[in-house]
2 protein chains.
Amino acid sequence: MTVTLADVAARAQVSPATVSRVLNGNYPVAASTRERVLRAVDELDYVLNGPASALAAATSDLVGILVNDIADPFFGIMASAIQAEIGGPGGRAGGERLAVVCNTGGSPERELTYLTLLQRQRAAAVVLTGGAVESAPHAAAVTAKLRKLSEAGTRVVLCGRPPAPDTQAIALTFDNRGGARALTAHLIGLGHRRLGYIAGPEERTTTRHRLEGHRAALAAAGIEEDAGRTVYGRYDRRSGYEATLELLRRDPSLTAIVAANDSVALGACAALRESGLSIPGDVSVAGFDDLPFSIDAVPSLTTVRLPLAEAGARAGRIAMGREEPPPGGIASVRGELMVRGSTGVPRG
Amino acid sequence: MTVTLADVAARAQVSPATVSRVLNGNYPVAASTRERVLRAVDELDYVLNGPASALAAATSDLVGILVNDIADPFFGIMASAIQAEIGGPGGRAGGERLAVVCNTGGSPERELTYLTLLQRQRAAAVVLTGGAVESAPHAAAVTAKLRKLSEAGTRVVLCGRPPAPDTQAIALTFDNRGGARALTAHLIGLGHRRLGYIAGPEERTTTRHRLEGHRAALAAAGIEEDAGRTVYGRYDRRSGYEATLELLRRDPSLTAIVAANDSVALGACAALRESGLSIPGDVSVAGFDDLPFSIDAVPSLTTVRLPLAEAGARAGRIAMGREEPPPGGIASVRGELMVRGSTGVPRG
DNA sequence: CGTCGTGCAGCAAGCGCTTTCTATCCAGGG
DNA sequence: CCCTGGATAGAAAGCGCTTGCTGCACGACG
């Protein structure tokens, strides 16, 4: 029924071994023979059996990209960049690889299961993007998995995710702490003293680091911390909307709101507007990430730009062994403060 | 080095066959035996060799999801919904499948290559999302590929993509024509007579259908068509920005701009604002898709909501054989007109 | 003119798993 | 007490491909 290597060999009047070598091109084959084989492949419309060759060669051309939320452009942009470098089809010539993105939905179990699935497929490389969940048992499980993957020859790269100690994994981390600190410092410099903070989900590294940066800036300015001014939520618009209402209820005198990311900030803007407050006249708002839509918000969003595409591309290249990993296997990628219309001097 | 089925068998003191059966759970195995095997699996930290089992069983648990642009939430949302149904890890219990999304970047070649790669992996199912490129040779190539995939037992589902005749593929198409028509009709009803249209890339089915709907509404209202009022671009913000400037140059008296999608509409809004025109006071703007950020635009965007998540979920279920395909293998999914702040009565 | 090196092609042994067919065991039934 | 059959477990034959090694020309060299 299905065409196999042997069929091609028969048609080209050569041995299966020769066909295999023509297809893999890593062994001398006479030009005339090669041509004959190629013609046969074409005529029979032959497609290599992936599992069979992966089994025989003990390697596969699968590369996994794990993301927390594929519907979020933050991950989409990184995934897109990573994948462009992996080659996927159409990358640079040679070794066609199947770059696949796996959506964990932020769930530790799914993350682990995907890792197992990729291990099962003997993936050539795996790139994990975005923040990690901080629960100790989960972290340990992931570490163990990553170690095992490395041992099996799978290259592991972390992109926008903190390093995994005791692991061979290369890490490209975002300087969330520094970015957040600069952002809040900017607000403080403008004169703000009562700032609300809308954090992401607890137990996420990204959430913690950004919050720490925010608090560091506060502390540096001698502003005492008020636990009531921090609300945890998710990394989406809705969360920003609700959290803002809550913050306003707790303290109507807030003059600025710092959001965990741009989507959250957009939700915050919506809530403020509906509450009859102007931005930045009554309340300044700041986001994080600088996703494409942020510049289109009205007023446009002050935020911290993360070089998502660049970092992704680099991670992809490292995963393919086309770029030297950073010294020590760890590199920190800085964000850039983008001051725009949504932040201003506080009223009165 | 690596643990194999045989190792597990040895440790559990059973035959490899039994281990396989325990793992696949489709053959009676005594409870005590099962337990012993499972313990051995655990102790040895055994991970099934995917390629090997795919080869032996002649099926794999890979499911491919093709998208045009993974950084675009339009696709992200669909992909996410599809994948949630595929199961991926964490779906419903049983057969864990590796749902992978492949980013074609809108390129026909990459689409084809990915299809081949998936065929090579003997994928269990493939879901193609979004519009197709209309070039005849490409369409023929895709059709041939899809047919071959079906023959090989891969289930093929099209989501938000026109049907592929002469193919077994199930199609869930969006009624782009109808939605676009309703949208433009709404504008006409408001009193607009001079409307600009920013289309997507030419040669895309989605582009053509939306444009056809727009023109149908125009024709129905007896408004003569002016080719100069249509500009082609890409499906992104930038394109909307530039196209708007171009439209304004060609005819400063436009009272409305209909965009190919929401991102384009956002770009249009930015261009209008910078040109000193108010929305919808001077010019009304409408988008398409109703992506999450559209409601946050200021003013919020009038658009056509496409049930991306619902359609994706359904496509996913059909791909898994968990839902009956629609009669005839084709279903049309309607959009819903969302009238919001960005459209209004044209100025005097 | 014999021999060795080189360049290509083929042989055959797996890769690790699934699955058909067969063997075994034990409970009942005749 | 022997036979039948249901319930489990095992033996072994591949699945389609890769690759180390062998085989065989042919030209060059001594």
Side-chain angles (χ1 to χ4, degrees), chain A residues 1-38 40-41 44-62 95-96 117 119-124 152-153, chain B residues 1-38 40-41 44-62 95-96 117 119-124 152-153:
Chain A
M1 226 216 75
T2 46
V3 182
T4 71
L5 233 210
D7 299 331
V8 176
R11 174 145 192 139
Q13 316 216 56
V14 296
S15 72
T18 301
V19 178
S20 170
R21 300 204 254 246
V22 168
L23 263 24
N24 292 298
N26 47 12
Y27 191 89
V29 173
S32 63
T33 312
R34 169 194 313 286
E35 202 180 319
R36 202 144 33 88
V37 169
L38 257 17
V41 165
L44 295 177
D45 219 354
Y46 170 69
V47 174
L48 192 66
N49 182 317
S53 67
L55 172 58
T59 63
S60 94
D61 51 6
L62 247 188
E96 247 153 28
L117 246 25
Q119 178 184 7
R120 178 176 298 182
Q121 299 297 330
R122 306 299 187 250
Chain B
M1 225 216 72
T2 46
V3 182
T4 73
L5 233 209
D7 298 331
V8 176
R11 174 148 192 136
Q13 315 216 57
V14 297
S15 71
T18 301
V19 178
S20 171
R21 298 202 258 247
V22 168
L23 262 25
N24 292 296
N26 47 12
Y27 189 88
V29 173
S32 62
T33 312
R34 169 192 315 285
E35 203 179 317
R36 199 142 37 87
V37 170
L38 256 17
V41 165
L44 295 176
D45 218 355
Y46 171 68
V47 175
L48 193 66
N49 182 317
S53 69
L55 172 58
T59 62
S60 94
D61 50 7
L62 248 188
E96 246 153 26
L117 247 25
Q119 177 184 8
R120 177 176 298 183
Q121 299 298 331
R122 306 300 188 252

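Chain letters run A, B, ... following the sequence lines, proteins first and then strands; every chain starts at 1.
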Next on the checklist: Determine whether B:Leu23 and B:Val8 satisfy the following criterion, side-chain contact (heavy atoms from CB on, under 4.5 Å), listing intermediate values before the conclusion.
Outcome noted: CA-CA 11 Å; B:Leu23 262 25; B:Val8 176; over 6 Å; no
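Comparing C:dC15, C:dC8, D:dT18 against the side chain of A:Leu55 picks out C:dC15 as the nearest. Between D:dT18, C:dC11, C:dG16, one nucleotide has an atom nearer to the side chain of A:Ser15 than all others, and that is C:dC11.
Taking each heavy atom of B:Leu5 and B:Pro16 in turn, the nearest pair found is CD1-O, 3.7 Å.
Between B:Asn49 and B:Thr2, the closest side-chain pair of non-hydrogen atoms is not below 4.5 Å. Between B:Leu38 and B:Val22, the closest side-chain pair of non-hydrogen atoms falls below 4.5 Å.
If you measure from atom CG of B:Leu5 to atom P of D:dA11, you get 14 Å, rounded to the nearest angstrom. In this structure, CG of A:Leu44 is placed 15 Å from C1' of D:dG16, rounded to the nearest angstrom. The distance between atom CG of A:Asn24 and atom P of C:dA9, rounded to the nearest whole Å, is 15 Å. For the pair A:Gln121 CD and C:dC15 P, the computed distance is 20 Å after rounding to whole Å. Rounded to whole Å, atom C1' of C:dG16 lies 13 Å from atom CG of B:Leu23. Remark: P of D:dG16 and CG of B:Asn49 are 17 Å apart, rounded to the nearest angstrom. Here C:dC8 presents its P atom at 14 Å from CG of A:Asn26, a figure rounded to the nearest Å.
Here the CD-CG distance, from A:Gln121 to B:Asp61, works out to 5.5 Å after rounding to the nearest 0.5 Å.
Residue A:Val14 is classed as a sugar-phosphate contact, given heavy-atom separations below 4.0 Å to backbone atoms only. Across all strands shown, B:Ala17 has heavy atoms under 4.0 Å from base atoms, whether or not it also approaches the sugar-phosphate. Within 4.0 Å (heavy atoms only), A:Val29 reaches sugar-phosphate atoms of the nucleic acid but no base atom.
The base of C:dG10 sits with one of its N or O atoms less than 3.5 Å from a complementary donor or acceptor on the side chain of A:Arg21. Not a single donor-acceptor pair, N or O on each side, falls under 3.5 Å between the base of D:dA7 and the side chain of B:Tyr27.
Taking only side-chain nitrogens and oxygens, B:Thr18 comes nearer than 4.0 Å to OP1 or OP2 of D:dG10. For B:Thr4 and C:dC15, the shortest distance from a side-chain N or O to OP1 or OP2 is not below 4.0 Å. Contact check, B:Ser20 against C:dT18: a side-chain N or O comes under 4.0 Å of OP1 or OP2.
For B:Gln13 and A:Val19, each mapped to the nucleotide of DNA chain D holding its nearest heavy atom, the one lying further toward the 5' end belongs to B:Gln13. Heavy-atom distances to DNA chain D give each of B:Ala30 and B:Ala56 a nearest nucleotide, and the one nearer the 5′ end belongs to B:Ala30.
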